[in-house]
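Let me begin by presenting the structure, written as structure tokens, before commenting on it.
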Amino acid sequence: MSSGGRGGKRRGPPAPSPSGAAAKRAQPSPGTPQPPPPAAAEEDMMDEDVFLDDAMLAEDEAVLLMVQRDETLASRLSRWKRPALPADLVAGCSRAVGHSICCQVHGFEPYFYISCPSGMGPDDIFTLSPNSGGILEKGITIEGLGSKSFLTYESNILFALRFMIDCNIVGGNWIEVPAGKYRKAARIMSYCQLELDCVYSDLMSHAAEGEYSKMAPFRILSFDIECAGRKGHFPEPTHDPVIQIANLVTLQGEGQPFVRNVMTLKSCSPIVGVDDFIREVDPDIIIGYNICKFDLPYLIERAEVLKIAEFPILGRIRNSRVRAMQRDYKLSSYSLNSVSAHFLGEQKEDVHHSIISDLQNGNSETRRRLAVYCLKDAYLPQRLLDKLMYIYNYVEMARVTGVPISFLLSRGQSIKVLSQLLRKAKQKNLVIPNIKGQGSGQDTFEGATVLEARAGFYEKPIATLDFASLYPSIMMAYNLCYCTLVPPEDARKLNLPPESLNRTPSGEIFVKPELQKGILPEILEELLAARKRAKADLKEAKDPFERAVLDGRQLALKISANSVYGFTGAAVGQLPCLEISSSVTSYGRQMIEHTKKLVEDKFTTLGGYEHNAEVVYGDTDSVMVQFGVSTVEEAMKLGREAADYISGTFTKPIKLEFEKVYFPYLLISKKRYAGLYWTNPEKFDKMDTKGIETVRRDNCLLVKNLVTECLHKILIDRDVPGAVQYVKNTISDLLMNRVDLSLLVITKGLTKTGEDYAVKSAHVELAERMRKRDAATAPTVGDRVPYVIIKAAKGAKAYEKSEDPIYVLDNNIPIDPQYYLENQISKPLLRIFEPILKNASKELLHGSHTRAVSISTPSNSGIMKFAKKQLTCLGCKALISGANQTLCSHCKGREAELYCKSVSNVLELEMLFGRLWTQCQECQGSLHQDVLCTSRDCPIFYRRRKAQKDMAEARLQLDRWDF
DNA sequence: TAATGGTAGGGGAGGAAAATTCAACCCTAG
DNA sequence: TACTGCTAGGGTTGAATATTCCTCCCCTAC
């Protein structure tokens, strides 16, 4: 899910400041419920229920398990077991589902091909060791022939894949071992319920159709561990015990988990029983948040330290990654918290690891608290898995591409294409040479054309024409493939008839399908045909369950089709062929130019139309056309006409489609535009923005919100003055320091380690500084680094002014509003307003609203260290001295009024803090517990922290009134 | 090490190089 | 008349500052 970021979960700010720590224990505002008194003695924990929202836990089922009590353990383990095997299954006459079976297949051996050297025949047989592919390529000496090197074929295929291909097995499909063709084996290889031996040629693989399209009822275990770190240290398996493990077991397709438990540890003895638990539950899939990078290695290492020899085996783990989140979605933070907020609208607490030890060492109440927290960490990944239908989509993808499900998480895109290629080649009696593209990776090829953008604000409808699956359809139309490519020397030698050859715009020659049909086009045809079927079925399907499966399938097919082109162009890949990829793009370039020309030539007043059409922009496979008409309906009509007309000029199956109308349309530059998106003339579907700040993850929320709001006002409300006013208010708020810190947090990805950067930059330098402060909480490669820009000496570089938001909050460091105005919001705003407003710069950025209020500079640096703070009058801020500690002589008369002000100020801030506190309690799922969360991703957290500080200051001021 | 889909393009920031401004100094005329 | 003190103004020089251009980096579109 996240390559390294634990979010704030096991990380956080440096040791909490005194005020922060105090408030965690303090009950804040009047009206906040007090925690109940510790309900039970520690010995009774066993039967205590855990408070959690109802959707998550049925109260009677929630169990805190004391692992030390072996007798209860045994009884519970039995409840988690899989159903017993039916007796007749072993005899081969039952098809019960829901059991785990390990089948050892015998007789399948690795092999590869070489071309037979001249002078050798079927009689010349010699044996080679299994890894001889490499030796043959380097060259060997053969008696009578001298030293020779060979090009090998299919010598580097993963053995598992080789086996699956040859047995027609795809990932996630059903395999039958016919009765009588297997032998029951002793259960020594695995912890499965049944072990079999059989011969590979007896396996029967069933295509995923009809009855066999159903999925197996996977048992999914979601878990999370908590460790007791020592003060100020990130937990290390060599020292720190695992204190809690939360487990949730679900059957795929069922809404509720059937096992929920938390294993806790009272003292510091080692946790035993985890491996037993996993063995009994016997899950097919293990998931969790970042478990591959943290929880699993931690458990395994901890077991090693404690010398639990058997542990690392963990039964049969087939698959244990949830890295998919980062792979499939682009978010500005990948902490479990923000991912959940994004997809589920549900948040979790973010508890710093140092607090976890405190909770553990407290009483039964605090440990129960920790259990709740831990369980939620196991629960959210399960919810995410369901919500995003990962299991469906992965099974579908595995079936389509033929790779095992685990490859989809642990491997890249190319293995999927290779798998399909190998299968298809086998059908056609072709073998694939082992020519791994390696080394430089320098040789690249020309990509797509992006038409010049005629920037501006268009108040007439713009029709968008798109090629459907451009690159796949080019490969099909022109029969582009490895096996249809004619190298220049062969073109001369073979004397092929010119009418059966195609010369691509990039100069390569391919034979036409009549002579030899390409493999790649065939793969693509099947993929796209299957997608068409899936989409048609989707239209028919009513059952949401079935719809989910079909939608997953059509998506998988589309993605697979699109990655075929990428595979041929991957210079460092399994089978690169730049002749194919550069031919594909060259056709694409030709086609978009051709389309632009046709539209502008045909749709003219001379041609009998009311206006001259103009192509205002286009990228790769799309053109945006202004037909000159003023209604969406007319634009749609002309768009359809143009698409049909132009489609007719291309080789099948290349097809230009009318897709949508933008109206109005704000075109800023290449790859950057915004507009209202219409697919029917009555009502627009949505506001669509491409490439601009609203869709970028490296802008602060202030910019994102501001730009979004302006576009909303301009495009939807058509209220430019309103947008201008909004900008002015925002700038004024910013300069007056009325903007919430959470809106100013910028995040950027840390893509490599510190030394590898050639130039300094804000997020890299900050990460380095944070590492020096506290290595445990600092971001590492792959993480996203949040930062704000603080005030510093004039001329200081941005990388000297970046700071951790939490550090800024805790130490009262002033931010630099001028930087945000000049470097963050001004340019994006001007880009939007300049096409619409004359004097945009003057109007927006230089009015009276830009008068700044000076903020006191940090008092803890330089010369100010030696300054002594003097008291100021609470009325007029004048310096006061002597006996009077509150007011100057001037303000003395207003004593009553000013005191009231102080009191109401404190009350107000207390109310605010109380509200935020309650909000956080709701988020954590309990109104009776202290809030522990310190999430860097949560705006409420920043506001709560700030309110808390303001409140403390106001109270201090109130205390100065001395009657 | 193993394993790895692609190119095009905008835009921000840093940094080097080239350009400009500025202050200090020297010199000379008056 | 010779010499000094002073100023204005031109020229030179080296440093400071602003500008330009290029590259790195991130992220997005397709």
Side-chain angles (χ1 to χ4, degrees), chain A residues 156 158 327 330-332 401 407 410-418 421 436-439 441 443-453 455 464 466-472 559-578 580-582 584-586 588-589 592 617-624 659 667-673 688-699 703 746-752 756-765 784-785 789 794-802 819 822-828 830-831:
Chain A
N156 209 13
L158 286 171
R327 186 172 280 247
K330 296 218 157 182
L331 303 179
S332 53
T401 58
F407 281 24
S410 60
R411 310 286 300 267
Q413 292 286 331
S414 63
I415 192 74
K416 295 193 268 185
V417 180
L418 186 67
L421 200 57
K436 256 194 177 162
Q438 266 306 335
D443 43 348
T444 175
F445 60 95
E446 189 180 346
T449 297
V450 182
L451 298 179
E452 262 337 293
T464 307
D466 280 55
F467 286 102
S469 300
L470 178 69
Y471 287 175
I559 292 169
S560 297
N562 284 336
S563 45
V564 171
Y565 149 79
F567 179 82
T568 65
V572 278
Q574 293 282 351
L575 197 59
C577 181
L578 297 195
I580 297 176
S581 40
S582 60
V584 171
T585 56
S586 70
R589 291 194 296 275
I592 192 173
Y617 178 54
D619 185 345
T620 310
D621 63 350
S622 66
V623 288
M624 297 3 184
E659 204 176 59
L667 178 55
I668 293 169
S669 64
K670 286 179 173 180
K671 299 191 188 280
R672 320 192 102 219
Y673 57 82
D688 197 21
T689 55
K690 290 287 164 67
I692 55 187
E693 286 70 21
T694 52
V695 297
R696 291 183 64 90
R697 299 178 295 164
D698 54 354
N699 280 277
V703 174
I746 302 164
T747 74
K748 275 198 169 69
L750 200 59
T751 55
K752 41 192 159 183
D756 292 347
Y757 280 95
V759 291
K760 294 178 175 180
S761 56
H763 62 303
V764 181
E765 294 296 300
R784 296 191 63 79
V785 186
I789 297 295
K794 196 170 171 290
K797 303 279 191 203
Y799 64 78
E800 294 164 325
K801 301 176 26 164
S802 57
Y819 175 89
E822 285 165 16
N823 298 55
Q824 292 291 124
I825 66 180
S826 77
K827 283 187 179 168
L830 289 183
R831 282 193 289 265

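In this text, all values refer to a predicted model and were calculated from it rather than measured experimentally.
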Minimum-distance nucleotide to [X] side chain [options: [options]]:
| X | options | answer |
| --- | --- | --- |
| A:V759 | B:dG10, C:dC24, B:dG6 | C:dC24 |
| A:R784 | C:dC30, B:dA13, C:dC27 | C:dC27 |
| A:K690 | B:dA13, B:dG12, C:dC30 | C:dC30 |
| A:Q413 | C:dC30, B:dG11, B:dG5 | B:dG5 |
| A:D619 | B:dG10, C:dC30, C:dT28 | C:dC30 |
| A:Y565 | C:dC25, B:dA13, B:dG5 | B:dG5 |
| A:F445 | B:dG9, B:dG12, B:dT7 | B:dT7 |
| A:K760 | B:dG15, B:dG5, B:dG11 | B:dG15 |
| A:A758 | C:dT28, C:dC25, B:dG6 | C:dC25 |
| A:Y673 | C:dC27, C:dC30, B:dG6 | C:dC30 |

[N] OP1/OP2 closer than 4.0 Å to side-chain N/O of [X]:
| X | N | answer |
| --- | --- | --- |
| A:H763 | C:dC26 | yes |
| A:T751 | C:dC26 | yes |
| A:N562 | B:dG5 | no |
| A:K752 | C:dC24 | no |
| A:K671 | C:dT28 | no |
| A:Y799 | B:dG15 | yes |
| A:R411 | B:dG5 | no |
| A:R697 | C:dT28 | yes |
| A:T444 | B:dT7 | yes |
| A:R696 | B:dG10 | no |
| A:Y757 | B:dG15 | no |

Legend entry - Atom of A:L667, atom of A:R672 and distance for their closest heavy-atom approach: CD1-O, 3.8 Å

Base, sugar-phosphate or nothing for [X]? Non-hydrogen atoms, less than 4.0 Å.
| X | result |
| --- | --- |
| A:V417 | nothing |
| A:T585 | nothing |
| A:S414 | sugar-phosphate |
| A:G447 | sugar-phosphate |
| A:S669 | sugar-phosphate |

Inset, instruction - Take atom P in B:dA3 and the same atom in C:dA29, then report the distance between them in whole Å. - result: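 These two P atoms come out 32 Å apart once rounded.
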
Inset, instruction - Based on the glycosidic angle (syn within 90° of 0, else anti), state the conformation of B:dT1. - result: syn

Inset, instruction - For a side chain to side chain contact (heavy atoms under 4.5 Å, CB included) with A:Y471, tell me which candidate from A:T585, A:V564, A:N562 qualifies. - result: A:T585

Inset, instruction - Output yes when A:E765 and A:K797 qualify as a salt bridge under the 4.0 Å nitrogen-oxygen rule, no when they do not. - result: no

Inset, instruction - In plain terms, say whether A:K827 and A:E822 are close enough for a salt bridge, that is, a side-chain N and a carboxylate O under 4.0 Å apart. - result: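 Not counted as a salt bridge, because no side-chain N and carboxylate O are separated by less than 4.0 Å.
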
Inset, instruction - Kindly confirm or rule out a cation-pi arrangement of A:K416 over A:F407, judged by NZ or CZ under 6.0 Å from the six-membered ring centre and within 45° of its axis? - result: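 The answer is no; the distance or angle limit is not met.
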
Legend entry - Distance in angstrom units between A:D466 CG and C:dC30 C1', rounded: 10 Å

Legend entry - Helix axis bend for the helix from B:dA19-C:dT17 to B:dG30-C:dC6 - C1'-based end axes, five pairs, 10° rounding: 10°

Inset, instruction - Look only at the side chain of A:R696 and the backbone of A:G691, and say whether a donor-acceptor pair between them is shorter than 3.5 Å. - result: no

Inset, instruction - Consider only side-chain N and O atoms of A:Y757 and A:T751, and report whether a donor and an acceptor are under 3.5 Å apart. - result: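 Yes, a side-chain donor-acceptor pair sits under 3.5 Å.
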
